Amino acid sequence: MFLPKNLRENVAEIKISLEKRGESSSSIDQAIKLDEERREIIAEVEQLEHRRNTESVQIGELKAAGEESKAEGLIEEMARIKQQIQQLNDQLGELDRQLEDILLRIPNILDESVPIGADNSENRLEKQVGEPFKADFDPLPHWELGTARGLLDLERAQKISGSRFSVLPGKGARLERALINFMLDIQSGENGYQEIMTPVLVKPEAMEGTGQLPKFAADMYRTTDDGLYLIPTAEVSLLNLYREEILSPDVLPLKLTGWTPCFRREAGAHGKDTRGIMRQHQFNKVELVAICRPEESEELHNDLLGDACSILNRLELPYRIVTLCSGDTGFSAAKTYDIEVWIPSQNRYREISSCSNCTAFQARRAMIQYRPAPGEKARYCHTLNGSGIAVGRCWLALIENYQEKTGEITVPDALRPYLDGLKKL
RNA sequence: GGAGAGGUGGCUGAGUCCGGUUGAAAGCGCCGCACUCGAAAUGCGGUAUGCCCUUUAGUGGGCAUCGUGGGUUCAAAUCCCACCCUCUCCGCCA
């Protein structure tokens, strides 16, 4: 989010960025107007409050000196000023509310290197790794393959929870768990992230901190009795751990990883990916989060992308990297790389990780700062996040890409230690 | 779920009953300077945040903030109300 000051200082930039995203910039003018009115009133109120403060002291002194009648006169005057202050404060409150409402819904400013485009068809291809699945037979989609091999039970999932949920029996569950452990080991080991286990139910403030609220309330599950939200990604829990903190520079960059289930209502996705487990209301994900100094976020963004890729490299799954175009870049992000894995049954690449640099956008919302040196002013951090990687999609990509004519699924070498050396599923 | 205690600055902790230069004592920590070959110890000085106005300016002035939000009052860390959170004991439970 932008603070009024940010807004004033970056009007042109924010407007241009909004237009690149394909959104209207009219709200910006309105916000500027509100801000001007607000500041006028602030000046007026503070002047009155100053008078109130000084004259209240006088009243005290007069009373102490026994000059009751003089005091009475001042008290009457103060009563009038008090009313004026109250009135102006009411106006101010209303203006603040309106302004904040707009500010909370303005997306981050796009990085200059983000390609201009309307939707995902205009994302820029950066790199392709490995060769798409080739075989002398037609690959089965994962739901057929998984069901046939006893790894997936969508019927029973439907029975207990409905559509967009999955049940993984036996080796299916084992594979999921192996993937989680494998990913966490790589990220917390050689890639240098601190592993953290967090709650998956969080307060609304946490959702606001990372940018899910207020704009995307419809995408989230909310518990009615307590008003807590189920996280759509561990980014919410991990980043908000440091909300309202001023960090010491020697802990930066802070690199965190955690596995959690993620919950999404998929409100706007009716009819999309209705078969199989591509799009679920609940799925596992290993998340990567970094909190850093502004000047290092760009480099860390590339590192983070590399760390996400390292999983696919080891699993030897074919993938490509794209930079999201302006119209496809998410609300909180200044720039996003998507990693897309090859899905044989669909004959195309599908997102399996999204790595974003959110610059200071989330840090301002969540008040995550650091003090460059003792005595210096605190500055907002930059935040980054990326999937490292989505477990459910990895599961299905793996069984599809490693399927054989016989219906068997080969376990990639890197994963065998996590499955008791098992070579086939 | 029941009973009780409490939320004050980076930390510890006064002040709250009896409202009035209290942004808030004291100590610790931290920063600067002095002393020292250097360090420790000691001494002196400094040390919250946000916002508004003003200035050529790292200038000057002001407002707000003692868990949060309301209320009473000329004036509230101090009085009243509601809420949130933490801790202790009991109960229940993976």
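Bear in mind the structure is a predicted one, so any value in this text is a computation, not a measurement. The sequence lines fix the lettering, A, B, ..., with proteins before strands; numbering per chain opens at 1.
- Across the P atoms, U47(B) and G60(B) are found 14 Å apart, a figure rounded to whole Å.
- The CD atom of Glu40(A) sits 12 Å away from the P atom of U54(B) (whole-angstrom rounding).
- A distance of about 14 Å separates the P atoms of G67(B) and G6(B), rounded to the whole Å.
- Here, C92(B) and A3(B) have their C1' atoms 16 Å apart, quoted to the whole Å.
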Which protein N or O atoms sit under 3.5 Å from an N or O of nucleotides 68-75 of chain B?
residue, atom, partner, partner atom, Å
C74(B), O2', Ser56(A), OG, 3.1
C74(B), N4, Lys63(A), NZ, 3.4
A75(B), O4', Ser56(A), OG, 3.1

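- Nucleotides C35(B) and C44(B) have their P atoms positioned 16 Å apart, rounded to a whole Å.
- Rounded to whole Å, atom C1' of U49(B) lies 18 Å from atom CZ of Arg379(A).
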For residues 88-98 of chain A, tabulate all N or O donor-acceptor pairs below 3.5 Å that involve a side-chain atom, not counting sequence neighbours.
residue, atom, partner, partner atom, Å
Glu94(A), OE2, Arg97(A), NH2, 3.3
Glu94(A), OE2, Gln98(A), NE2, 3.0

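- Of the charged side-chain nitrogens involved, at least one lies within less than 4.0 Å of a carboxylate oxygen, so that Glu287(A) and Lys285(A) count as a salt-bridged pair.
- The pair Lys15(A)-Asp29(A) counts as a salt bridge, with a side-chain nitrogen and a carboxylate oxygen less than 4.0 angstrom apart.
- Comparing the C1' positions of U8(B) and G27(B) gives a spacing of 16 Å, expressed to the nearest Å.
- Nucleotides G46(B) and A26(B) have their P atoms positioned 12 Å apart, rounded to a whole Å.
- Protein atom NZ of Lys5(A) is 8 Å distant from nucleotide atom P of G50(B), rounded to whole Å.
- For RNA chain B, each stem of at least three Watson-Crick or G-U pairs (distances under 3.5 Å) is given as range with range: B:1-7 with B:84-90, B:10-12 with B:26-28, B:29-34 with B:42-47, B:48-53 with B:60-65, B:67-71 with B:79-83.
- Taking the six-membered ring where tryptophan is involved, the planes of Tyr418(A) and Phe182(A) are perpendicular, since the angle between them exceeds 60° and thus also 30°.
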